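Chain letters run A, B, ... following the sequence lines, proteins first, then strands; residues in each count from 1. Just so it is clear, the structure is predicted and the values come from calculations on it, not from any experiment.
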Amino acid sequence: MPISFLTSAGDSRTQVPPHLQQIAIRSLDLGLSCLDKFVKGKVVLKGPLVSMDNGKYVLKTVIQELEHQQNLPRGLSSIGAVLFNKLARDFSEAVNTEDVVLMTGFTLAPSPTAHKDGLHSCNLQLGGAGDGGGACVYVCPALNASRSPAHSVTRSLARHPARASETQVTKYTYTALNKLVPDTIVNIYGVVTFFKQPYRSMGTDYCSFLKITDPSSVKVSCTVFQGELHNHPQVFRTGDIVRLHRVKAQSFRGSINVTTTHGFSIVVFDGTVGSPVVPRTSSRKLHFTAEDEQTVERLRRWASEQTALLGAAAVRLADVEPRMYFDFTCQLLAKAEMDRNCTLLKVWDGTECPYPLLDVSVEPDAQHGSTAVPGCRKGLVASVLVYDDHIKMTQDLKPGSYLRIYNLHAVPQTTSAASPSGRSDHLCFHLHGGTSYGRGLRILPKDSPDLQELQRALELLPASSDDIADVSLMDVWATPPESLEEASCDAERTCDHTLEQVPLSSVTKSTPPKTFHTRAQLKTFQPQKLFQCLKLYCPQCNALQNVPDEEAIGSAFHRAVGTAAFGSEPWLLTCFRESTEPGRKMAVHLPSSSHNDQTSLIFLEGAALEDVCQISEHRAVVPVRWHDGKMSFLDFSVPVFFQGSARHYGCRNCSRSECREPLPMELQEWDEKKVAEALGVQLLQYMLLMKLELDDGTDSLQALLWRDAEIFFGVSAQDTATDQQLQDRIQRTMDRLCPPEGTMETRPWLNLCLATYSAEEAGRSTVCYQVLNTKTVCPD
DNA sequence: GCTTAGGATTGG
């Protein structure tokens, strides 16, 4: 058995063959015999199942060791595994991210992508020709509430731990559709022959409608009322199998139909004979037995023999004929609101339409996402106009989503665009208002089997030139949809992590430390006065302070006037000058060794800020005072030295207060670090610090922008302190990410790399978030 | 508080 389910991660020892010994990922090495070894880790990335030309399959996954993960670098705790053929197919079906797996019977091969993804230098390979058929994966399914039911899969369900306590509860009986009696409450099974996606009723609920049948050949209408969309049946196509609990049969216009009652529930299964029996439901307490599985399979077989139940063939963009109505499976590239009653969706399915397509153009600002796809030709991207009541369903759509649009109308539209023949017809697609013929649209889950053909077609499209360097099996998950999402954002990641993009709700539920790729909008940020985001930071003691303003610096100089002692040191040449401030005298001390050396420092005593600014245009200036007979820095609340427009601060905790004689040799090359070292000063670093409130609809969180803030804005914090243009650049970026006016709908989506970590705050450990490895694309 | 809808277009 190549894939086997364990009941929990803890007791895996009692369920895997006893001769197998765990080996740590960091101990794996080429040439090592791994016959009696297993590797254990959590699935942190699961690539798509890729079908090869020769009818074989391959799938790449990354597993991370549970122990050690906080202390070890990635390359020692995480490893890629390449699964082949049946094992790849089974794994794709039965295993998901967050599951803990034990892999055994693998061989080791050098990882061609280790330099890029930072994983272990080897890959595990399982199920290929080279491992002698002994490869096996043991799975401990993650007990994660957010887990989609699609993951509790197939034959192995009998071993799924969540079901143990449910076996004693109610046994459900199901009524055949020809045995329904009006005004009774029943449970029924059926094959869907017609359906409408949920729509708003005139009452309090959403309404969806199904017509189902069963081997009694009676057709029964089902009207489902539910206030929450996620409680509605997830029917994707006719032929799907549904199981309804607690529906009321009633008589209407001479036939019997059913409708929801209190305690109603519905589960949907794919209708394809032989495909895994995966319940589609959002319910967390699903009653599902081996008998249910048999019923689904029996209905599938029966339906497959009924020619009258055959669904329409799938229509790709390449198959479209003018004026036809069809169900369209596609990926969203971009959307734009045309007016209150119409939203434009730009979509594709990887095939090319034989008819010219209307390119409905909108202002770039009004469009979310991008159609600037690598290798894109005009015939690939369709414009879909969504009208009236369906607009609501488009509001949460994000570029990259997979959609099915029901009863889409291919409308030839005459355009006056100049062509050799004059006027010409272009196809535009309309999703008309209303629900006639099941008109509507819905998101298809990423792992839906209905998407396989589309995903293959998209993979075959010419990739961008940067991506074709390594087309080996190991890069199988570098699929067009992801590169597409990158292109549609105003912020992009700069890291090489191969992480699956997750919603913020997954980030907030996780245990730190961890790194995530996510996509979110900026809701608010602090500080609103952007100059306050510039901070001074001591890398030695981690102290953080604001940059003093001009007034505070000026008054510090002013206070020092009365304390001027005008001393000297043997290594100094001292002379006196008039200050720019009338009646004020200042001492100019020069290191005697550096006489006439224009690169040397000038120590100024009793000067006003204005004096320092003037002189520092030509020479680096250190403001000083005399304390206990020693020359000392004036005050750490003012810069320890000025050079040109640059001001460098010292840390009051980590610097000595007296100013030692700098050796002239050390100052040959002007560099603030060398100067600070020569003077015995711990320099403070300029840094940018912001708090961003991120939101993606699933959750929101406050993330710091700190370590990589310079990358984020594409500026140097140090230069920003004195450069108005850079300050403007930060302002423009924030205005774009979070416009002062406008709603969340108009804000760009940001592709972010987000780290979670624990930090002590007031003696208490709190979870913090930080944006890393992310740069914004700033308009100039 | 206990309804809502009950398939069936041709159009922006």
Side-chain angles (χ1 to χ4, degrees), chain A residues 177 180 182-183 185 188 190-213 218-229 231-233 235 237-240 242 244 246-264 266 308-309 311-312 315 320-328 336-345 358 360-362 382-392 394 405-415 425-441:
Chain A
L177 297 182
L180 296 177
D183 299 314
I185 292 175
I188 53 176
V191 181
V192 176
T193 62
F194 173 77
F195 61 100
K196 286 183 176 185
Q197 298 299 333
Y199 56 96
R200 263 269 166 242
S201 74
M202 301 294 272
T204 58
D205 295 331
Y206 283 95
C207 173
S208 52
F209 180 84
L210 307 174
K211 182 78 79 63
I212 61 173
T213 186
V218 170
K219 283 193 175 177
V220 171
S221 298
C222 315
T223 308
V224 173
F225 294 111
Q226 292 285 297
E228 302 283 341
L229 278 174
N231 290 329
H232 278 262
V235 175
R237 62 200 308 171
T238 58
D240 282 352
V242 289
L244 297 92
R246 294 178 209 91
V247 286
K248 187 167 110 181
Q250 55 190 17
S251 195
F252 178 73
R253 288 189 187 164
S255 57
I256 292 184
N257 64 25
V258 301
T259 186
T260 47
T261 64
H262 188 67
F264 162 85
I266 185 162
L309 293 182
V315 174
V320 165
E321 292 294 332
R323 282 172 288 275
M324 79 191 291
Y325 290 84
F326 64 108
D327 295 345
F328 189 37
E337 195 178 319
M338 305 297 284
D339 59 53
R340 270 189 61 207
N341 297 319
C342 181
T343 291
L344 169 69
L345 305 180
L358 191 67
V360 180
S361 57
V362 290
S383 296
V384 175
L385 294 169
V386 175
Y387 289 99
D388 307 337
D389 35 349
H390 307 298
I391 289 176
K392 187 157 193 341
T394 69
I405 308 176
Y406 300 94
N407 197 234
L408 189 59
H409 189 191
V411 183
Q413 297 194 320
T414 306
T415 56
D425 275 357
H426 286 72
L427 282 186
C428 182
F429 299 88
H430 295 235
L431 179 62
H432 298 298
T435 62
S436 307
Y437 279 84
R439 287 192 300 232
L441 79 164

Using a cut-off of 4.0 Å on non-hydrogen atoms, how would the nucleic acid contact of A:Gln226 be classed: base, sugar-phosphate, or nothing?
nothing
From OH of A:Tyr206 across to P of B:dG6 the rounded distance in Å is 16 Å
Testing B:dA5, B:dG11, B:dT3 for proximity to the side chain of A:Asp205, the answer is B:dT3
Practice problem: Fit a plane to each ring of A:Phe328 and A:Phe429, take the angle between them on a 0 to 90° scale, and name the class: parallel (under 30°), tilted (30 to 60°) or perpendicular (over 60°). | Solution: parallel
Across all chains, not counting sequence neighbours, the side chain to side chain donor-acceptor pair (under 3.5 Å) partners of A:Arg246 are A:Tyr172
From CG of A:Asp327 across to C1' of B:dG7 the rounded distance in Å is 14 Å
Base, sugar-phosphate, or nothing for A:Phe195, non-hydrogen atoms under 4.0 angstrom? nothing
- prompt: Step by step, would you call A:Gln226 with A:Asp205 a side chain to side chain contact (heavy atoms under 4.5 Å, CB included)?
  reply: CA-CA 5 Å; A:Gln226 292 285 297; A:Asp205 295 331; 5.7 Å; no
_I'd like to know if A:Tyr325 reaches the base of B:dT10 with its side chain such that a donor and an acceptor end up less than 3.5 angstrom apart._
yes
note: A:Gln413, atom CD; B:dG11, atom C1'; distance rounded to Å ~ 10 Å
Sugar-phosphate, base or nothing in reach of A:Arg439, heavy atoms under 4.0 Å: base
Practice problem: Mark this stacking check for A:Tyr387 against B:dG12 as yes or no, applying ring centres under 5.5 Å and ring planes under 30°. | Solution: yes
So is the aromatic ring of A:Phe225 stacked onto the base of B:dT4, judging by whether the centres are under 5.5 Å apart and the planes are under 30° apart?
yes
From CG of A:Leu358 across to C1' of B:dG12 the rounded distance in Å is 13 Å
Would you call A:Phe194 and A:Lys219 a side-chain contact if the rule is heavy atoms closer than 4.5 Å?
-> no
A:Asn407 atom CG is separated from B:dG11 atom C1', nearest whole Å, by 12 Å
With the side chain defined as heavy atoms from C-beta on, A:Met202 is closest, among B:dG12, B:dA5, B:dG6, to B:dA5
*Do the ring centers of A:Tyr406 and A:Phe195 come within less than 6.0 Å of each other?*
yes
Check: What is the nucleic acid contact for A:Lys211, judged by heavy atoms within less than 4.0 Å: base, sugar-phosphate only, or nothing?
Finding: base
Hits for ring pair (Phe, Tyr, Trp, His ring centres under 6.0 Å) against A:His232, two or more places apart or cross-chain, chain-then-number order -> none
In whole angstroms, the gap separating C1' of B:dT10 from OH of A:Tyr406 amounts to 22 Å
Looking only at B:dA5, B:dG6, B:dG12, the nucleotide nearest the A:Phe252 side chain is B:dG6
Looking at every strand, decide which applies to A:Gly433 at a 4.0 Å heavy-atom threshold: base, sugar-phosphate, or nothing. base
- request: Scan A:Cys342 against the nucleic acid and name what it touches under 4.0 Å (heavy atoms): base, sugar-phosphate only, or nothing.
  value: nothing
Q. Going by modelled atom types, is there a donor-acceptor pair between the base of B:dG11 and the side chain of A:His409 at under 3.5 Å?
A. no
Just N and O in the side chain of A:Lys196: are any of them under 4.0 Å from OP1 or OP2 of B:dG6?
yes
Whole-Å distance, A:Arg253 CZ to B:dA5 C1', equals 10 Å
Assert: residue with more 5' nearest nucleotide on DNA chain B, out of A:His430 and A:Ser436, is A:Ser436
**Asked** Between A:Thr204 and B:dT3, does any side-chain N or O lie under 4.0 Å from OP1 or OP2?
**Response** no
Under the criterion of centre distance below 5.5 Å and interplanar angle below 30°, is A:Phe209 classified as stacked on the base of B:dG7? no
- Indicate whether OP1 or OP2 belonging to B:dG7 is found under 4.0 Å from a side-chain N or O atom of A:Tyr199. no
